[in-house]
Amino acid sequence: MKKIIPVALCALLPVSGFAAETTASTTNIFDNTRFFMEYGASIFSSAGAKEKIDGQTMSDADTTSINSGTSLSIGADFDGIQLAFTPSYSDQEDISVFDLGLKLDIPFMDTKLQPFVSLSAGIGFVSIDSLDVDNEIGFGYGIGAGIKYTFNDNMYIKVGLEYTGVSFSADVYGYDVDISASGFGLTTGLGYRF
């Protein structure tokens with residue numbers, strides 16, 4: 001029995017040494033965290049809107065008018081995965097939306113040219129001149145995909161296609177109005193990591 005214990009301990013030493021070495025070589029996602037700023041511009045070419053008044057659908061229209069929007073993202077880059085606070089503004093004919101959201105970009109590869117997917121959610125403040133709606137709160141969402149090209153360790157550009165939507169309710173001339181709109185947009189971004 002006395003000889004079995006030292007033999008068993010000798011058998012476990014290489015395993016415990018390997019486990020300690022493996023644990024020491026793993027990295028934490030927060031070890032390479034950096035901060036970034038990104039300026040973006042978008043051109044939306046396809047959008048649909050639906051209006052309901054007191055629960056009855058009044059209009060359901062698709063528009064092909066082009067509108068533009070800009071955004072500024074400020075956030076953290078966790079070794080390529082970016083989480084950002086993204087205030088943005090867009091204006092189309094008599095509708096304007098100021099949005100405060102969060103956006104998550106997840107890359108597929110760790111190369112200079114990276115495909116990525118993005119998810120976003122937030123709240124928006126909607127104004128519609130023709131309905132006398134001023135800064136009503138709505139909820140927005142988005143999903144997209146694109147390509148990111150890294151020039152160097154600090155600068156990059158992005159191009160992508162994004163599907164976004166917003167919905168809100170308002171009291172218009174004594175009626176309960178529900179409006180939802182969604183559409184596809186071509187997005188671009190120029191970013192700097194520090």
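Numbers for residues simply follow the sequence, beginning at 1. Quantities reported herein were computed from a predicted structural model and do not represent experimental measurements.
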Hey, could you give me the CZ/CG distance between F36 and D105, rounded to the nearest 0.5 Å?
7.0 Å
How many angstroms lie between atom CZ of F78 and atom CG of L104, to the nearest 0.5 angstrom?
9.5 Å
Indicate yes or no for a side-chain donor-acceptor contact from Q114 to the backbone of M109 under 3.5 Å, with no hydrogens or angles considered.
yes
Just how far is it from atom NZ of K148 to atom CD1 of I157, taken to the nearest 0.5 Å?
11.5 Å
Pairwise distance CD(Q82) to CD1(I106) - rounded to 0.5 angstrom
11.0 Å
Would you name the heavy atoms of S127 and D134 that are closest together and state the gap between them?
OG-OD1, 3.4 Å
Provide the closest heavy-atom pair for G138 versus F168 in the form atom of the first, atom of the second, distance.
CA-CB, 3.5 Å
Taking everything shown except F85 itself, do over 12 heavy atoms lie less than 6.0 Å from its CZ?
yes
Closest non-hydrogen atom pair between M155 and L190, with its separation
CE-CD1, 4.1 Å
Following the transitive rule for hydrophobic clusters with a side-chain heavy-atom cut-off under 4.5 Å over Ile, Leu, Val, Met, Phe, Trp and Tyr, establish whether Y39 and F116 coincide in one cluster.
no
Could you see if F35 belongs to whatever hydrophobic cluster contains F151? Use Ile, Leu, Val, Met, Phe, Trp, Tyr and a side-chain cutoff under 4.5 Å.
yes
Please work out whether the ring planes of Y192 and F194 are parallel, tilted or perpendicular, with thresholds of 30° and 60°.
parallel
Quick one: does K112's side chain have a donor or acceptor within less than 3.5 Å of a partner on T150's backbone?
yes
Shortest non-hydrogen contact from S42 toward T187:
CB-CG2, 4.0 Å
I need the minimum non-hydrogen distance between L100 and P87, along with the two atoms involved.
CD2-CB, 3.9 Å
Heavy atoms only: give me the nearest T33-A76 pair and the separation to one decimal.
CG2-CB, 4.3 Å
Under 4.5 Å between any side-chain heavy atoms of I147 and L113, yes or no?
yes
In this structure, CD1 of I179 is separated from OG of S169 (nearest 0.5 Å) by 9.0 Å
One thing to verify: whether D77 and R34 come together as a salt bridge, which I'm taking to mean a side-chain N less than 4.0 angstrom from a carboxylate O.
no
Output the distance between atom OG (S71) and atom CD (E38), rounded to the nearest 0.5 Å.
7.0 Å
Tell me, please, whether Y149 has K158 positioned over its six-membered ring: NZ or CZ under 6.0 Å from the ring centre and within 45 degrees of its axis?
no
Taking the six-membered ring for Trp, are the ring centroids of F139 and Y141 within less than 6.0 Å of each other?
no
Give a yes or no on whether D110 atom CG has more than 12 heavy-atom contacts from other residues, nucleotides or ligands under 6.0 Å away.
no
More than 12 foreign heavy atoms under 6.0 Å from CD1 of I123: is that the case here?
yes
Please report whether the ring centroid of Y89 lies less than 6.0 Å from that of F98.
no
Counting C-beta onward and ignoring hydrogens, is there a side-chain heavy-atom pair between S118 and I143 closer than 4.5 Å?
no
Is the backbone N or O of G101 less than 3.5 Å from a side-chain atom of T86, with the two atoms forming a donor-acceptor pair by type?
yes
ILVMFWY network linking V177 to I137, side-chain heavy atoms under 4.5 angstrom:
no
Could you tell me whether a side-chain N or O of T188 sits under 3.5 Å from a main-chain N or O of G40, the two making a donor and an acceptor?
no
